[in-house]
Every structure is written in structure tokens, then in C-alpha cells.
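Here's the structure we're looking at; comments come further down.
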Amino acid sequence: MNLAKRAEMLHVIDTLATHYLKGKVRAVRLSVIALLSGGHILLEDIPGLGKTTLALALAKALGLSFGRVQCTSDLLPTDITGLSIFNRDESRFTFVPGPIFNNVVLVDEINRAMPKTQSALLEAMEERKVTVEGTTHHLPGPFLVIATQNPVEQVGTYPLPESQLDRFMVRSGIGYPPDIIEKAIIKGGSIRDGIQSLEPLVSANDIAEAQRAVKEGVYLSDAVVDYLYAIVAATRSHPAISSGISTRGAIGMAETAKAHAYLEGRDYVIPEDVKAIAAPVGAHRLILTMENDNLDKGELLNAVLNTIPVPLA
């Protein structure tokens, strides 16, 4: 295991959670786990809790480019992917990249975009490339999409269907900070100017090496795979769940468990790693039966976890 790269990633989490994103250590850590495992994160919470600040601070600390898309009902796919514009001087069309061609992309209020635009974005997330007028353009790496949506206000929104929610590796909220921290935030005011001057703590190459270490250097034993599969299988047979965690969801749980183990300083996954990421990675993939639609998916998945025997090794 590359301990130097692990220490650098932990330094990013600690710096952001201590100085710039107080009270948001869980959201920061899950964002880094999504990045290390090659996935994307959906933040579902009310406005004004720092989702934009988190994305901007993370991009700055990681030394990555940052792009933002503010979703509205008239947003077009080309507003995200880019389009070709005729260049009179050169008498040819020139491709102008959209905001998706950044390392960290904040997609604010994704559920306000039309389904066609949502599909274009999610296709770019999945394939890591976009095709405009027959020409394929590859997205930069590392690549992380942080999408947000407001779970309370539903007027003028187009909720993401379950098949598209399944493409997000992690879903989490941010929540209100503790009282003492929130008072300090109110007293200190906005930290947006401070984030603009934040110096990169790692480089893109450092992140790429850490991603390789997670993918290739963290061992996933057969016993842990059996444990993970038992969780997935239990969600598929639970009476309150009409559709359980998919195979893609199970792969996501395995990859994020490896990232969690890496940040904990281990080159092997233990059941506690799976437990730590189960709800953020698996809960949003559950489709509940009509009579149980009001249940909290995270709590339900945790209840399922408690019924699965934990392997000793």
C-alpha cells in the first residue's frame, strides 16, 4: 500500500473538515471515497447547507478543475456537453467544451432538468466521454460528479428514476452542523473567498495513484464477498422491498468498501468496511413496495444488515 498517498488523501479530508467544511466530515469523506472508487455522489438535502461549498473546496484541495451546472427546465444537453460552433476565420466547425469537461462537476438541483438532459449527463458520467455530431470527446481524469437535489420541494421537478439513481455510487445528505459549529459559521460568515485562495494539497497524479492502489492493492477475500452477497440477496427477498440491490450496486459496495479500507490504513477489506458504506451506497438502490413506500431506506437496509451473520475472517 502506498502510505504516502493515503496520508495525502487523509490530509485533504482533515483540512477541509477542520477549516472549510466544519461539521461536514461525513459528506467530505464519502465524496473522497466516491472519487477513489471511480464513482459519483448524489447529495440530497435542503438548500443552504453547503453543497456548493463542499464541491468547490474539494476541487481546490485536490488541485482539480471545477465546473458547475445549474439545472433548470430549459437546460439543454449541449449546455452540459458542449457544442460545435462555426469558425468563420477557419471556415470550419470548432467544438466548444461544456462544463462536463472538468475534473469535479457540481450539478445543482439535477431533478429540475428535463429527463432528456438528465440522460445526457448520466451517459457522460457512465461512459466518461461525450459524442457531439458524430465525434467522440473523452472527459478528463480523475472525474467526479457531485449532483444535488432538494428532497422537500417537488414543484417543477423531474425525479430521477431508479435506473438513473443506480448510476450514482453514493447518495448522502449533509445535514445541519452541531450547534456550536453552526454558531461559529454564522459569526464568521461565508468562507467562499477563503476557498478561492486554498492551495492544492495533492495533484491529479497523486489521485490517480491512490485510485490504482484502491483498485489493485486492496484485497477482497471470499469470506467478505460472501458476506456482501448475503446482504444483497437479503434485500432481494425482503417482504418490504420489491426490487433489491442490483449487481452494479453490489460492485459499487465492493469498490467503496475497498476505498474505505484504504483510508483506514488496511490493504484488505473487513466486514466493518462493508457496514460503513452499505447505507450510503445501497439504500438509494432499493425500490420499496407500495404499502412500505414511507419507510426510510437507510434504516431498512441497516435492519437487514443486522440479520446477516458477520464472518469471523
Side-chain angles (χ1 to χ4, degrees), residues 31-32 34-35 37-44 47 50-150 156-161 163-171 192 195-196 198 200 203-205 207-208 211:
S31 298
V32 172
L35 177 66
S37 54
H40 308 284
I41 183 168
L42 176 65
L43 297 177
E44 191 175 73
K51 298 185 288 292
T52 303
T53 303
L54 185 153
L56 180 58
L58 189 64
K60 283 286 186 179
L62 296 174
L64 302 175
S65 61
F66 175 76
R68 176 176 179 174
V69 179
Q70 182 63 54
C71 293
T72 59
S73 59
D74 59 352
L75 187 74
L76 299 175
T78 52
D79 294 329
I80 296 175
T81 60
L83 73 165
S84 294
I85 296 177
F86 186 72
N87 188 322
R88 290 184 178 181
D89 296 334
E90 300 179 6
S91 297
R92 65 183 181 89
F93 284 93
T94 302
F95 178 68
V96 179
I100 197 71
F101 285 87
N102 284 283
N103 298 113
V104 178
V105 182
L106 173 66
V107 184
D108 218 356
E109 295 186 291
I110 187 174
N111 55 335
R112 291 199 177 278
M114 294 282 283
K116 182 178 181 179
T117 304
Q118 293 176 0
S119 297
L121 169 67
L122 293 167
E123 180 183 0
M125 290 165 49
E126 184 76 11
E127 303 297 333
R128 307 297 172 100
K129 59 186 178 182
V130 297
T131 301
V132 179
E133 298 178 359
T135 303
T136 300
H137 306 272
H138 292 273
L139 300 179
F143 179 59
L144 172 69
V145 171
I146 301 177
T148 74
Q149 64 177 3
N150 180 355
T157 62
Y158 304 87
L160 292 172
S163 60
Q164 293 185 352
L165 279 174
D166 196 48
R167 295 183 185 275
F168 283 95
M169 184 81 82
V170 178
R171 185 177 76 168
R192 196 67 63 86
I195 290 175
Q196 293 296 339
L198 176 62
S203 67
N205 289 335
I207 298 168
Q211 288 176 328

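Because only heavy atoms are used, hydrogens play no part in the values below, and waters and symmetry mates are left out as well, while side chains stay in.
The nearest pair of heavy atoms linking G63 to P200 is CA-CB, 3.6 Å. Considering every non-hydrogen atom in both F168 and L122, the closest pair reads CE1-CD2, 3.8 Å. Closest of all the heavy-atom pairs between Q118 and N111 is NE2-CA, 3.7 Å. Between L198 and A57 the shortest heavy-atom distance is CD2-O, 3.8 Å. Here the closest non-hydrogen pair linking I100 and A124 is CG1-CB, 4.1 Å.
A heavy-atom distance below 4.5 Å is found between the side chains of I207 and L64. In this structure the side chain of K116 reaches within 4.5 angstrom of the side chain of P77, judged on heavy atoms. The shortest distance between side-chain heavy atoms of L54 and S31 falls below 4.5 Å. The side-chain heavy atoms of F101 and L139, taken from C-beta on, include a pair separated by under 4.5 Å. The closest side-chain heavy-atom distance from I80 to V107 is not below 4.5 Å. P142 places a side-chain heavy atom less than 4.5 Å from the side chain of Q211. Using a 4.5 Å heavy-atom cutoff, the side chains of V132 and F95 are in contact.
One finds the CD atom of E44 at 11.5 Å from the CD1 atom of I110 (value rounded to the nearest 0.5 Å). Between the CE atom in M169 and the CG atom in L42 there is a gap of 13.5 Å [rounded to 0.5 Å]. Annotation: the span from E109 atom CD to K51 atom NZ amounts to 8.0 Å, rounded to 0.5 Å. Once rounded to the nearest 0.5 Å, the distance linking NE2 of H138 with CD of E127 reads 10.5 Å. One distance of note links OG1 of T53 with CD1 of I195; it measures 5.0 Å at 0.5 Å rounding. For the atom pair CG of L35 and CG of L62, the computed distance is 6.0 Å after rounding to the nearest 0.5 Å.
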Verify side-chain contact (heavy atoms from CB on, under 4.5 Å) between I85 and T94, making sure each step is shown before the conclusion.
CA-CA 5 Å; I85 296 177; T94 302; 5.7 Å; no
As a quick check of understanding, evaluate side-chain contact (heavy atoms from CB on, under 4.5 Å) for L144 and L58, giving each step before the final call.
CA-CA 10 Å; L144 172 69; L58 189 64; 3.8 Å; yes
Stepwise side-chain contact (heavy atoms from CB on, under 4.5 Å) test for F66 and K60
CA-CA 8 Å; F66 175 76; K60 283 286 186 179; over 6 Å; no
Please evaluate residues L56 and L106 with respect to the criterion side-chain contact (heavy atoms from CB on, under 4.5 Å), reporting the C-alpha separation (whole Å), side-chain torsions for both, the decisive distance (0.1 Å), and the verdict.
CA-CA 8 Å; L56 180 58; L106 173 66; over 6 Å; no
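With hydrogens and angles disregarded, no donor-acceptor distance shorter than 3.5 Å links the side chain of T136 to the backbone of T131. A donor-acceptor contact shorter than 3.5 Å is absent between the side chain of Q149 and the backbone of L160. Proximity of a side-chain donor or acceptor of T78 to a complementary backbone N or O of L83 within less than 3.5 Å is not detected.
In summary, the side chains of S203 and N205 do not present any donor paired with an acceptor at a separation below 3.5 Å, with no hydrogens or angles considered.
Between F143 and H40, the two ring planes are perpendicular [angle over 60°; tilted spans 30° to 60°].
The stretch residues 89-103 participates, sequence neighbours left out, in these salt bridge (Lys or Arg N to Asp or Glu O under 4.0 Å) pairs: E90-R92.
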